[in-house]
Amino acid sequence: RWTLEFAATPAYVVKHRSLQAWAVLAGGMLVTGLLGAVLLVVTGRTALIADLVQERTADLARANAALTQEIDERMRTEASLKTHQESLRQSEERFRLLIEGTTDYAIYMLDPNGRIVSWNAGAARIKGYRADEVIGQHYSRFFTDEDVRSGKPILALEAAGGEGRFEYEGWRVRKEGSTFWAHVTI
């Protein structure tokens with residue numbers, strides 16, 4: 001059997017200790033240089049950094065003041081809008097109650113094509129139809145056959161659409177077929 005052993009010679013130790021010394025010296029110089037650079041930056045730029053922070057803080061304060069003012073203005077506008085919306089809702093409710101409570105006049109609303117979209121108690125009393133019987137139907141059902149053949153329902157809608165209103169008098173037909181003289185405004 002053979003055994004191989006390695007042993008450091010005095011020359012080897014001297015040579016490698018010299019490299020270690022150089023490595024420690026180079027590392028120390030590097031750390032010292034970096035520390036010096038950091039100290040120069042910190043001490044030399046402190047005033048500049050402080051000025052930048054102060055300027056940025058002032059910018060942020062102005063932006064915050066502008067945002068606060070805008071938020072306050074929006075809140076005032078929203079409160080005013082809410083008040084107006086509530087007022088409008090109450091007005092519409094009063095108007096609805098007035099129309100629904102009117103029994104001496106037939107008041108109903110048409111869409112632009114002449115279909116009935118609302119019906120009050122007066123219309124039910126005068127014309128004889130319940131709301132569920134006429135809503136969605138064409139209003140020409142209230143005209144005489146002769147008026148329908150001559151196109152009066154369409155002409156009246158076109159005139160109202162073009163001029164904003166159309167007013168006329170003529171015979172109208174109830175549910176059970178009897179006729180009555182009516183003053184009509186579309």
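We're numbering straight along the sequence, starting at 1. All values below come from the heavy atoms of this structure, side chains included, with hydrogens, waters and symmetry mates left out. Bear in mind that the values here come from a model prediction, so they are computed numbers and not experimental data.
Between the CZ atom of Arg149 and the CZ atom of Phe143 there is a distance of 14.0 Å, given to the nearest 0.5 Å. Atom CZ of Arg94 is separated from atom CD of Gln90 by 6.0 Å, given to the nearest 0.5 angstrom. Expressed to the nearest 0.5 Å, how far CH2 of Trp171 lies from CH2 of Trp181 amounts to 6.5 Å. Of the inter-residue distances, the one linking His183 atom NE2 with Arg172 atom CZ reads 11.0 Å to the nearest 0.5 angstrom. For the atom pair CD (Gln85) and OG (Ser80), the distance works out to 10.0 Å, reported to the nearest 0.5 Å. To the nearest 0.5 Å, the span separating CD on Gln54 from CG on Asp59 amounts to 11.0 Å.
No side-chain heavy atom of Phe95 sits under 4.5 Å from any side-chain heavy atom of Leu97. Side-chain contact check for Leu110 versus Ile116: some heavy-atom pair is nearer than 4.5 Å. Contact check for Arg130 versus Trp119: no side-chain heavy atoms found under the 4.5 Å cut-off. At least one side-chain heavy atom of Tyr129 sits under 4.5 Å from a side-chain heavy atom of Arg141. Counting only heavy atoms from C-beta outward, the side chains of Val184 and Ile186 approach each other to under 4.5 Å.
Partners of Ser140 under the side-chain hydrogen bond (donor to acceptor under 3.5 Å, both in side chains) rule, at least two apart in sequence or in another chain, are His138. Listed by chain and number, the residues in a side chain to side chain contact (heavy atoms under 4.5 Å, CB included) with Glu92 are Leu88 (sequence neighbours excluded). Remark: Val173 pairs with Thr144, Thr179 by the side chain to side chain contact (heavy atoms under 4.5 Å, CB included) rule, at least two apart or across chains. Ser118 meets the side chain to side chain contact (heavy atoms under 4.5 Å, CB included) test with Met109; sequence neighbours excluded. Among residues two or more places apart in sequence or in another chain, the side-chain hydrogen bond (donor to acceptor under 3.5 Å, both in side chains) test is passed with Arg125 by none.
In the hydrophobic cluster analysis, where Ile, Leu, Val, Met, Phe, Trp and Tyr join through side-chain heavy atoms closer than 4.5 angstrom, Tyr168 is grouped together with Tyr108. The hydrophobic clustering, which links ILVMFWY residues whose side-chain heavy atoms are closer than 4.5 Å, places Phe142 and Tyr105 apart.
Remark: side-chain polar atoms of Ser178 are not paired, donor with acceptor, to backbone N or O of Arg174 under 3.5 angstrom. Under a 3.5 Å cut-off, the side chain of Asn120 and the backbone N or O of Thr102 do form a donor-acceptor pair. Judged by distance alone, the side chain of Thr83 and the main-chain N or O of Ala79 form a donor-acceptor pair under 3.5 Å.
There is no side-chain donor-acceptor pair under 3.5 Å between Glu73 and Gln69.
Applying side chain to side chain contact (heavy atoms under 4.5 Å, CB included) to Ile107 and the options Ile99, Leu98, Ile126 leaves one that passes, Ile99.
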Could you give the side-chain donor-acceptor pairs of residues 150-165 under 3.5 Å, partners two or more places apart or in another chain?
from: Ser150; atom 1: OG; to: Glu146; atom 2: O; distance (Å): 3.3
from: Ser150; atom 1: OG; to: Asp147; atom 2: O; distance (Å): 3.0
from: Lys152; atom 1: NZ; to: Asp147; atom 2: OD1; distance (Å): 3.3
from: Arg165; atom 1: NH2; to: Glu167; atom 2: OE1; distance (Å): 2.6

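Figure legend: cation-pi geometry between Arg115 and Tyr139 absent, as NZ or CZ is not positioned both under 6.0 Å from the six-membered ring centre and within 45° of its axis.
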Criterion side chain to side chain contact (heavy atoms under 4.5 Å, CB included) on Lys175 and Glu133, from CA distance to verdict: CA-CA 10 Å; Lys175 179 181 179 179; Glu133 294 177 301; 2.5 Å; yes
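Under the 4.0 Å criterion applied to side-chain N and carboxylate O atoms, Arg74 and Glu70 are assigned as salt-bridge partners.
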